2 protein chains.
Amino acid sequence: MTAHRDRLDAVSVSSENAAAESVTNTVHAERTIPEATVARLALYLRALTGLAEHGTATVSSESLATAAGVNSAKLRKDLSYLGSYGVRGVGYDVALLTEQMRSTLGLNENRAVALIGLGHLGKALAGYTGFATRGFRISALIDTDPELVGTTLREIAVQHVDLLEQIVRSENIAIAVIAVPSSVAQEVCDRLVAAGVTSILNFAPTVLAVPDHVDVRKVDLAAELQILSFHDNRKSARSDAQAGPLSAALGTRPGGGTGLASSTMGATGLGSKAMSDTAIGSTA
Amino acid sequence: MTAHRDRLDAVSVSSENAAAESVTNTVHAERTIPEATVARLALYLRALTGLAEHGTATVSSESLATAAGVNSAKLRKDLSYLGSYGVRGVGYDVALLTEQMRSTLGLNENRAVALIGLGHLGKALAGYTGFATRGFRISALIDTDPELVGTTLREIAVQHVDLLEQIVRSENIAIAVIAVPSSVAQEVCDRLVAAGVTSILNFAPTVLAVPDHVDVRKVDLAAELQILSFHDNRKSARSDAQAGPLSAALGTRPGGGTGLASSTMGATGLGSKAMSDTAIGSTA
DNA sequence: GTATGTGAAATGTTTCACAGCC
DNA sequence: GGCTGTGAAACATTTCACATAC
């Protein structure tokens with residue numbers, strides 16, 4: 001209805017020469033997939049998993065797009081980079097597409113991931129059941145806290161950071177998640193890189209310096225909130241100031257736009273499902 | 001050195017008519033700031049805060065850019081959207097620029113934020129000291145767990161979700177953070193929206209359906225890992241397959257690229273600083 | 001008839017390079 | 001001489017619209 005803003009953003013800055021070149025490896029000759037598309041593949045994959053659970057065998061670009069929260073043109077263009085796995089006049093085979101996507105993302109190798117830092121955030125990540133089903137295996141939990149070292153979380157032993165290099169090498173870990181305070185993030189990062197890690201997901205609010213061949217993605221909570229704040233600011237500025245002239249919609253709006261059940265559950269719903277644990281957890 | 005990829009991405013999909021139009025409000029007539037730029041302002045702000053702590057009064061686009069992890073041309077263009085707050089031949093005044101930026105992001109109003117879901121992730125977020133100093137005040141913690149309701153976290157009482165609407169209205173909350181399991185995320189979202197929340201940061205791996213006037217940003221941990229996985233996959237594919245022909249760099253690379261101290265601390269460093277808590281926490 | 005796959009247009013973002021000011 | 005501010009070029013992403021295939 002109204003003007004749109006399909007967001008991109010803040011969460012990450014990487015440096016690498018990986019994505020650009022045309023590599024043409026693996027059996028079904030791979031095209032060069034745009035970054036923006038790669039970032040959305042994960043969304044599609046989740047949507048597909050959901051469909052598979054519902055027993056759907058075939059899906060149109062239109063429905064899959066809706067499920068993933070994008071428009072169908074974008075979805076089709078994105079999928080076209082993986083190759084032609086749809087059938088005109090019919091749609092996409094859920095299983096086939098899922099497989100194709102997992103293979104493109106390299107999720108069929110059950111990649112070993114190390115998680116460093118087991119504060120609340122680290123624990124939340126460690127408890128994330130989604131990893132296993134999504135092609136990752138947390139094969140190392142690392143911290144300094146003597147209270148934690150030696151205990152196990154989800155059947156994985158927490159080891160001392162002194163053993164970091166050793167663990168990374170013996171487990172052949174290429175991907176690591178940094179969930180330590182920013183004061184030690186660079187230090188941990190350096191050691192990971194020296195030990196051979198080539199991809200890092202960083203939750204500390206620091207700009208990590210890494211050599212060229214290492215990929216860093218960053219998740220910055222405060223930044224996310226600030227971006228929201230900016231938009232919110234704009235909104236209130238608008239309704240405050242020109243609360244009359246032209247398109248004075250907003251407050252007066254009939255009921256929304258993306259036409260949806262604004263609140264269909266019984267007022268104080270939320271039966272008994274616990275809200276507390278693993279926000280990240282759950283299905284797909 | 002090598003080809004670059006300055007990442008954008010996955011973390012969010014919003015729908016709103018806010019950013020597009022030229023609003024021209026507040027005193028110093030505001031231009032229309034591109035989304036990509038908004039997403040980076042938070043980074044700059046953090047870098048500025050760091051500089052201020054070090055007592056730096058003036059900074060060049062070059063150094064600020066380095067501190068924020070972007071290149072100087074981009075930084076200058078970004079700053080130019082806020083107006084001209086630099087001095088040619090000199091640089092930017094740290095205090096002035098900080099102030100300008102905070103005002104642009106709407107951080108001078110100490111926005112009330114509600115946090116719903118106090119599992120590990122929620123606790124990590126609640127414990128994030130950065131919020132207060134960055135213009136946000138967590139003014140409500142909400143969960144269903146009877147063990148939690150009634151207790152306090154960082155001096156804020158945990159309240160039952162039954163009171164959600166009431167709290168949102170009385171505290172005048174416009175921004176909410178959803179850290180509940182995805183099974184109840186949409187439900188919580190609907191109630192927040194009905195109560196008047198207009199901006200949501202969602203940690204549940206679900207596509208939230210919201211009316212047009214509501215902004216949703218999403219942080220998707222599994223997606224982030226999958227994006228890393230994709231790049232990692234490409235890397236190993238390359239070194240495996242064509243480990244000889246043309247540009248067979250990678251493994252043989254002299255030492256990196258972004259020339260930096262690869263590992264300057266004493267081998268098993270990390271003195272005594274606890275790594276465990278609040279990965280997100282700390283300065284700036 | 002229906003829905004994919006994709007060139008070509010429109011839009012958005014980054015980088016270049018230099019005029020303008022200190 | 002040094003550094004900002006910004007048009008204009010290069011590049012990337014999204015959207016359109018339709019030929020193509022079932």
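What you see below is based on every heavy atom in this structure, not just the backbone, and it leaves out hydrogens, waters and symmetry mates. Not measured: the values here are computed from a predicted model. Every chain is numbered from 1 and lettered A, B, ... according to where its sequence line falls, protein lines coming before strand lines.
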If every non-hydrogen atom of B/Ile227 is compared with every non-hydrogen atom of A/Arg217, which pair is closest and at what distance? CG2-NH1, 3.4 Å
What pairs with A/Glu99 under salt bridge (Lys or Arg N to Asp or Glu O under 4.0 Å), at least two apart in sequence or on another chain? none
Protein-nucleotide distance (A/Lys74, atom NZ; D/dA17, atom P), rounded to Å: 17 Å
Counting only heavy atoms and a strict 4.0 angstrom limit, can you tell me which residues of residues 91-98 of chain B come near DNA chain D? B/Gly91, B/Tyr92
Between atom CD1 in A/Ile33 and atom P in C/dT6, what is the gap in whole Å? 13 Å
Taking the side chain from B/Gln186 and the backbone from B/Ala209, do they hold a donor-acceptor pair closer than 3.5 Å? yes
Where the side chain of A/Ala36 is concerned, which of C/dG5, D/dT14, D/dC16 is the nearest nucleotide? D/dT14
Please state how far atom CG in A/Leu75 lies from atom P in C/dG5, giving the value in whole angstrom units. 10 Å
Is the distance from OP1 or OP2 of D/dT14 to the nearest side-chain N or O of A/Asn71 less than 4.0 Å? no
Is the side chain of A/Arg111 donor-acceptor paired with the backbone N or O of A/Gly106 at a distance under 3.5 Å, no angle test? yes
Please list, for nucleotides 7-10 of chain D, all pairs of protein and nucleotide N/O atoms separated by less than 3.5 Å.
residue	atom	partner	partner atom	Å
D/dG7	N7	B/Lys77	NZ	3.3
D/dA8	N6	B/Lys77	NZ	3.4

Are side-chain N/O atoms of B/Ser103 and B/Asn108 paired as donor and acceptor at under 3.5 Å? no
Nearest heavy atoms of A/Ala42 and A/Arg134, plus distance in Å: O-NH2, 4.4 Å
Using atom CG of B/Leu79 as one end and atom P of D/dG5 as the other, report the distance to the nearest whole Å. 7 Å
Rounded off to whole Å, could you give me the CG-to-P distance for the B/Asp78 and C/dC16 pair? 15 Å
When the distance from CD of B/Glu62 to P of C/dC16 is rounded to whole Å, what number comes out? 12 Å
Measure from the side-chain N and O atoms of B/Ser229 to the backbone N and O of A/Leu105, and report whether any donor-acceptor pair falls under 3.5 Å. yes
Any residue meeting side chain to side chain contact (heavy atoms under 4.5 Å, CB included) with B/Ser63, in chain and number order, not counting sequence neighbours: B/Val59, B/Ser60
What I'd like to find out is whether the side chain of B/Val214 reaches to under 4.5 Å of the side chain of B/Leu192, using heavy atoms alone. no
Does a side-chain N or O of A/Ser61 approach OP1 or OP2 of C/dT4 to a distance below 4.0 Å, or not? yes
Anything under 3.5 Å between a donor and an acceptor, one on a side chain of residues 88-96 of chain B, the other on a protein residue two or more places apart or in another chain? List them.
residue	atom	partner	partner atom	Å
B/Asp93	OD2	B/Ala95	N	3.2
B/Asp93	OD2	B/Leu96	N	2.8

Just how far, in rounded Å, is C1' of D/dT14 from CD of A/Glu35? 16 Å
From CD (B/Gln100) to CG (B/Leu41), nearest 0.5 Å: 11.0 Å
Under 3.5 Å, N/O pairs linking protein and nucleotides 18-22 of chain C:
residue	atom	partner	partner atom	Å
C/dG20	N3	B/Arg88	NH1	3.2

